[in-house]
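Notes follow once the structure below has been shown.
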Amino acid sequence: MRSTKIVTSFITNKDKVLLLKRSNKVKTMKGMWAGVSGIIEKNEDPLCRAKIEIFEEIGIVEEKITLLKTSEKLRVSSPQYQNHEWEIFPFLFGTEDPTIKLNWENSEYRWIDANEITNYETVPSLQKVLFNLL
């Protein structure tokens, strides 16, 4: 089975969690809601990749986020590809500056209560990843 290592980060502000809607320009999971995510390159440190993705996807610099929690990596099968799984490295960050500047990877964002995640069509196991961090 083929495996891809990715980071998934959730950003919180005043008891709200940021969700991003993946644009039609990305390769996978188009139009689905997700956290800030990205592929980990070779021997790259997952936490460093998470901070890079946060800046690239939503425009928040490292100095404006605080790491609140991490959890064990999760393995999730991929519904789009046979014999493929995602190894997800989850992170929870807080920010006092909720100004979001989306790049091309996402088309919308919403600040939600964590329990509202069930109202969204998300990437596989996103609720499980989030609740492991809360």
Side-chain angles (χ1 to χ4, degrees):
M1 179 172 288
R2 195 170 150 261
S3 180
T4 303
K5 294 179 181 181
I6 64 169
V7 294
T8 295
S9 299
F10 289 97
I11 312 298
T12 61
N13 176 264
K14 297 180 182 170
D15 298 325
K16 297 288 186 180
V17 177
L18 181 68
L19 276 190
L20 305 173
K21 187 172 187 181
R22 294 176 57 79
S23 76
N24 290 327
K25 298 174 185 172
V26 294
K27 286 184 183 179
T28 61
M29 317 283 180
K30 296 176 186 199
M32 300 182 102
W33 292 87
V36 178
S37 60
I39 294 175
I40 299 170
E41 306 292 335
K42 298 186 181 174
N43 295 325
E44 187 175 36
D45 176 63
L47 180 57
C48 289
R49 172 48 53 191
K51 292 174 181 178
I52 291 167
E53 293 295 334
I54 290 167
F55 176 69
E56 289 178 353
E57 291 189 26
I58 62 174
I60 299 179
V61 295
E62 183 175 347
E63 295 77 26
K64 298 276 185 170
I65 56 173
T66 303
L67 178 63
L68 302 175
K69 190 174 178 184
T70 65
S71 69
E72 294 294 315
K73 73 178 176 181
L74 299 165
R75 294 182 183 271
V76 175
S77 62
S78 177
Q80 291 185 324
Y81 308 105
Q82 289 184 348
N83 297 317
H84 187 267
E85 71 177 3
W86 304 102
E87 284 184 74
I88 303 170
F89 292 78
F91 298 96
L92 180 68
F93 292 92
T95 186
E96 297 300 316
D97 181 6
T99 305
I100 304 300
K101 297 176 194 135
L102 294 178
N103 73 355
W104 63 271
E105 295 177 66
N106 298 290
S107 58
E108 292 179 52
Y109 71 89
R110 300 225 176 109
W111 291 99
I112 66 165
D113 290 323
N115 60 2
E116 293 175 325
I117 196 167
T118 58
N119 299 333
Y120 294 84
E121 184 182 356
T122 68
V123 298
S125 300
L126 190 69
Q127 179 178 344
K128 180 179 179 181
V129 175
L130 175 60
F131 289 164
N132 278 343
L133 290 165
L134 296 179

Review point. Are the side chains of Trp33 and Arg110 in touch, meaning some heavy atoms are under 4.5 Å apart?
Key: yes
Review point. Which of these passes side-chain contact (heavy atoms from CB on, under 4.5 Å) with Met29: Leu126, Thr122, Val123?
Key: Val123
Check your understanding: Under a single-linkage definition using a 4.5 Å side-chain heavy-atom cutoff for Ile, Leu, Val, Met, Phe, Trp and Tyr, are Leu67 and Ile58 assigned to the same hydrophobic cluster?
Key -> yes
Review point. Quick check: are there more than 12 heavy atoms from other residues, nucleotides or ligands sitting under 6.0 Å from CG of Asp15?
Key: no
Exercise for review: For the pair Ser71 (side chain) and Leu133 (backbone), establish whether a donor and an acceptor sit closer than 3.5 Å, ignoring hydrogens and angles.
Suggested key: no
Exercise for review: Verify the cluster assignment for Ile100 and Ile117: are they in a single hydrophobic cluster under the rule of side-chain heavy atoms below 4.5 Å apart?
Suggested key: no
Check your understanding: Do Ile39 and Val76 belong to the same hydrophobic cluster, where Ile, Leu, Val, Met, Phe, Trp and Tyr are linked whenever their side-chain heavy atoms lie under 4.5 Å apart, directly or via other members?
Key -> yes
Check your understanding: Hey, is the main chain of Thr99 close enough, under 3.5 Å, to the side chain of Asp97 for a donor-acceptor pair?
Key -> yes
Review point. Stepwise, does the side chain to side chain contact (heavy atoms under 4.5 Å, CB included) test hold for Asn103 with Phe55?
Key: CA-CA 10 Å; Asn103 73 355; Phe55 176 69; over 6 Å; no
**Study point:** Thr28 backbone acceptor or donor facing Arg22 side chain under 3.5 Å
**Key:** yes
**Study point:** Worked check of side chain to side chain contact (heavy atoms under 4.5 Å, CB included) between Asn13 and Leu18
**Key:** CA-CA 8 Å; Asn13 176 264; Leu18 181 68; over 6 Å; no
Point to revise | Within one Ile-Leu-Val-Met-Phe-Trp-Tyr cluster: Leu20 and Phe131, side-chain cutoff 4.5 Å | key: no
Practice item. Look at the side chain of Thr8 and the backbone N and O of Phe89, then say whether any donor-acceptor pair between them is shorter than 3.5 Å. Key: no
**Study point:** Candidate pair Ile52 and Glu44, rule side chain to side chain contact (heavy atoms under 4.5 Å, CB included), full reasoning
**Key:** CA-CA 11 Å; Ile52 291 167; Glu44 187 175 36; 4.0 Å; yes
